[in-house]
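We use all heavy atoms of the structure for the numbers below, so side chains are in, but hydrogens, waters and symmetry mates are not. Since this is a predicted model, take the numbers as computed values, not measurements.
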Amino acid sequence: MIFVTGGAAQGKLAWALQHSGYGLSQVTDRLEEEAPIFQNLEEIVREALDRGEDPMELLPRLADREYVLCREVGCGLVSMDPGDRAWREAVGRLSCRLAQEAQGVVRLWCGLPVWLKGGES
């Protein structure tokens, strides 16, 4: 699995599509759907928290994807809302675990990939 992270609108999906050769029909943001590219991990974490579930339980359902895309939510202003802070923390913890298990980790910045683990030199 390749874990792809970066800020909003930094080109994560476009990069994953180009790098993989897949098309939009092979992208999902729903855990129930089988697709090699999973995007919007941060929103799935929010939904799990809203249901009172532990987001770390999502790990086995994500690890078999070829690409997992997650928007960076840990930078910037820290919200005064405790729920938003818990969400940021949960996204960060799950991202760390995915990065540990991933074959490659890529951060997209202005559309440019920076390999943090594995990948291309």
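- Using a 4.5 Å cut-off on side-chain heavy atoms (C-beta onward), Val106 and Leu116 make no contact.
- Between Arg46 and Asp84, some side-chain heavy-atom pair lies under the 4.5 Å cut-off.
- Hydrophobic cluster membership is shared by Phe3 and Leu31, with clusters built from Ile, Leu, Val, Met, Phe, Trp and Tyr side chains linked at under 4.5 angstrom.
- Of the N and O atoms on the side chains of Glu66 and Tyr22, at least one donor lies less than 3.5 Å from an acceptor on the other residue.
- In the hydrophobic clustering of this structure, Ile44 does not group with Leu69; members are Ile, Leu, Val, Met, Phe, Trp, Tyr whose side-chain heavy atoms approach within less than 4.5 Å, directly or through other members.
- Residues Phe38 and Val27 do not share a hydrophobic cluster, defined by chaining ILVMFWY side chains whose heavy atoms lie under 4.5 Å apart.
- Counted within 6.0 Å of CD on Glu43, heavy atoms from surrounding residues, nucleotides or ligands total more than 12; the atom is thus considered enclosed.
- Residues Thr28 and Ile37 fail the side-chain proximity criterion, which asks for heavy atoms closer than 4.5 Å.
- For Trp115 and Trp15, the gap between ring centers is short of 6.0 Å.
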Would you check, one step at a time, whether the test side chain to side chain contact (heavy atoms under 4.5 Å, CB included) holds for Gln10 with Leu112?
CA-CA 8 Å; Gln10 294 297 308; Leu112 300 174; over 6 Å; no

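- Using a 4.5 Å cut-off on side-chain heavy atoms (C-beta onward), Leu98 and Val105 make no contact.
- The same ILVMFWY cluster, assembled from side-chain heavy atoms under 4.5 Å apart, contains both Ile2 and Leu24.
- For CD of Glu53, the number of neighbouring non-hydrogen atoms (other residues, nucleotides, ligands) closer than 6.0 Å is greater than 12.
- Atom-to-atom distance recorded for Leu41:CG and Arg65:CZ is 10.5 Å, nearest 0.5 angstrom.
- Between Arg88 and Glu42, none of the side-chain N atoms (NZ, or NE/NH1/NH2) sits under 4.0 Å from a carboxylate O, so this pair counts as no salt bridge.
- Side-chain atoms of Trp87 and Glu89, non-hydrogen and from C-beta on, never get closer than 4.5 Å to each other.
- Closest heavy-atom contact between Ala8 and Arg71: CB-CD, 3.6 Å.
- Between Val4 and Val68, the closest side-chain pair of non-hydrogen atoms is not below 4.5 Å.
- In this structure, Gln100 and Lys117 approach most closely via the heavy-atom pair O-NZ, 2.8 Å.
- Closest approach of Glu72 and Cys75 over heavy atoms only: OE2-N, 3.4 Å.
- Note that CG of Leu13 is 5.0 Å distant from CD of Gln39, once rounded to the nearest 0.5 Å.
- The backbone N or O of Gly23 sits less than 3.5 Å from a side-chain atom of Gln26, completing a donor-acceptor pair.
- The shortest distance between side-chain heavy atoms of Leu49 and Asp54 does not fall below 4.5 Å.
- Considering only heavy atoms from C-beta on, Leu108 stays 4.5 Å or farther from Thr5 through its side chain.
- Within a 6.0 Å sphere centred on CZ of Arg93, other residues, nucleotides and ligands contribute 12 heavy atoms or fewer.
- When all heavy atoms of Asp81 and Gly83 are compared, the closest pair comes out as OD2-N, 2.9 Å.
- Within a 6.0 Å sphere centred on CZ of Arg30, heavy atoms belonging to other residues, nucleotides or ligands number 12 at most.
- A side-chain contact (heavy atoms from CB on, under 4.5 Å) with Tyr67 holds for exactly one of Met1, Lys12, His19; it is His19.
- Among all heavy-atom pairs drawn from Pro55 and Leu94, the shortest one is O-CD2, 3.8 Å.
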